[in-house]
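Here's the structure, in C-alpha cells; my notes come after.
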Amino acid sequence: MALWNSRFKKQLAESALKFSSSIDIDQKLFNEDIDGSIAHVRMLSKQKIISPAEEKKIIDSLEEIRNEILNNKLKLDWKKEDIHSVIEERLVEKIGETGKKLHTARSRNDQIALDERLYIKKEIGVLEKLISSFQKVLLKIADKHKDTIIPGYTHLQRAQPILFAHHLLAYIEMLQRDKERLSDLLKRVNLSPLGAAAFAGTSILIDRYYSAKLLKMNGIIENSIDAVSDRDVLIELISACSIIMMHLSRLSEELILWSSQEFSFASFDDEYATGSSLMPQKKNPDFAELIRAKTGRVYGSLIGLLTVMKALPLAYNRDMQEDKYHLFNAVDTTKDCLNIITELLMHTNFNKNRFVDELKGDLSLATDLVDYLVRKNVPFRKAHNLVGKVVSKCVEENLKLHQLSISDYKKISTKFDDDIYELFNPGVSIKNKKSEGSTSYKEVEKQIQKWKKILK
Ligand code: ARG
C-alpha cells in the first residue's frame, strides 16, 4: 500500500502505478536520499521532536538499508512508487512505529529537491575532475607539438599557418570556462530545500539551518514554495553539460577530418578505431563520431527539461518527476564522452611533418605579405589590395608564393624586395606574430607554461 493511501477506498490500478513508478530511474539517488534522511533525523532529535534513542535507531537502520541496497539485498520493487517510499517502508518494516517518525515535518517534495541537489553537488566534482584530466592530455599533446605547424582555418578554408599546440590550447581555455560554469553553479546548488515540507513550511519547530549544516550546505533556500517548485539548477547543469558536449563535438569533428586520407594528419591507435565489414581497407573514427552524435542526447535533455518546466503552476507538480531522466541522461552522457575523448586523444598520433612541405609558399602566407607592406608604410587596405593581385596571379599561373619571380612582384608593387622570399616559410610566419595570445612560438610557450601551473 502506498504511503498516502488511507484516504482512498481502492488501490491504484496496476497500470497506473506502473506508469507513474519512478524507481527504475530514481534508485540512483538512494545514497543522497539516505544522507538527507539522516540529517533530517538528527535535526529532529536536536529539536527534541524525537528522542536520542529514536534518532539512533532510525540512523542505524538507515545505514543498514544503505548496505542492503548496495549489496542488492533489498528488492527495489517498482510497485513501491519511488525510492523514497522503498526506503521509508523498509525502515518501518525493520523498526516499526519509530520508523514512522522519520517523515515528520518533511514531504517527498522537499526530499526529492534535496536529493537532486546533493547529487548535482557530487557530480559537479566528478565532471570537474574529468575535464581537468582531459585538459592535461591536451596540454601534453600541445607540449609535444609546440613546433608542429598546421594550416589554420576560417570557414574551413585555409587561412593562416598556426602551431598545432595553439589550436589545442584553445580547447583547454574553453574547457576551463566549462569548469568555471560548474563551480559557479555550485553556489546556487549547495543550499538546502529540506524543511520546506510540501511547500508551505511546517508548524513543527524544526531547524532548517541545522540540517543544511549537517549536509555541508551553505544555507537554505529560504522561500519554502521556491524550494520545492523550481528545477532551475538542474537546467543550468544540463546547460553546462550541453556546452561541454558542444566543445567535445567540435574537437571530434576535427579529429574525424584530420584522420581522413585527405588530411592524413591524425591516426588513431587500433584500439580506438573500427573497420568496415565490407571494405577491408577502412579504419573508421567511430568514437569521435559517437561523441559528436551523443551531443544530441544532451541537447535533447536540455530542451526536454525546459519543456517539462514550462508553464507549470507553483508549487510541486508530478510533471517534475520526469526531471531525473533528463538530469541523469545529460550527466552520464557527458561523463562517458569526457572519459572516452580523453582516452582517444591519448591514443592518437599526430604527424608532425605532415604540412611542412605543403605550407611552403602556400597562399595562406598572403597575410604575412600584407603585413610586410604595412611595415613599409603602405596603408593596410592598399596593401591588402596589392597582395590580392599577387594571389590572383599565383592562382592563374598555378604557382606558390615563392615561385613568382621578383620582377612579377615588382610589377605589382615596387615596395616588394628580395627579402619577401624569407616570408614564404610558415615557421617565419609563426615567429613573426607579435600580439599577446598569438600563435608565435614565444606566446604559445608562454601559454603552455601557464597551463602547466594551473593544471598541475
Ligand atoms: N517521485 C516524486 C518525484 O520525483 C517524488 C515527489 C512526489 N511528491 C508527490 N507529491 N507526489 O517528483
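Residue indices begin at 1 and follow the sequence shown. Numbering of ligands and ligand atoms starts at 1, following listing order.
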Without placing hydrogens or testing angles, list every side-chain donor-acceptor pair under 3.5 Å for residues 313-321, not counting sequence neighbours.
| residue | atom | partner | partner atom | Å |
| --- | --- | --- | --- | --- |
| Asn317 | ND2 | Pro313 | O | 2.7 |
| Asn317 | ND2 | Ala315 | O | 2.9 |
| Arg318 | NE | Gln321 | OE1 | 2.9 |
| Arg318 | NH2 | Ser20 | O | 2.9 |
| Arg318 | NH2 | Gln321 | OE1 | 3.1 |
| Gln321 | NE2 | Ser20 | O | 2.8 |

Subject >> Listed once per pair and sorted, the ring pair (Phe, Tyr, Trp, His ring centres under 6.0 Å) pairs that draw on residues 39-80, sequence neighbours left out >> reply: none
Ligand-protein N/O pairs under 3.5 Å (ligand 1):
| residue | atom | partner | partner atom | Å |
| --- | --- | --- | --- | --- |
| ligand 1 | 1 (N) | Asp82 | OD2 | 3.0 |
| ligand 1 | 1 (N) | Gln321 | OE1 | 2.9 |
| ligand 1 | 4 (O) | Lys324 | NZ | 2.6 |
| ligand 1 | 8 (N) | Asn109 | OD1 | 2.9 |
| ligand 1 | 10 (N) | Asn109 | OD1 | 3.2 |
| ligand 1 | 12 (O) | Tyr316 | OH | 2.4 |

Original post:
Would you say Arg208's side chain and Ile221's backbone share a donor-acceptor pair under 3.5 angstrom?
Top reply: yes
Original post:
Does the Lys283 side chain pair with the main chain of Gln281, one donor and one acceptor, at a distance under 3.5 Å?
Top reply: no
Original post:
Does any pair with a residue in residues 124-143 pass salt bridge (charged side-chain N to carboxylate O under 4.0 Å, His left out), and if so which ones, sequence neighbours excluded?
Top reply: Asp143-Lys146, Asp143-Lys452
Subject >> Aromatic ring pairing Phe265/Phe355, orientation class (parallel under 30°, perpendicular over 60°, tilted between) >> reply: tilted
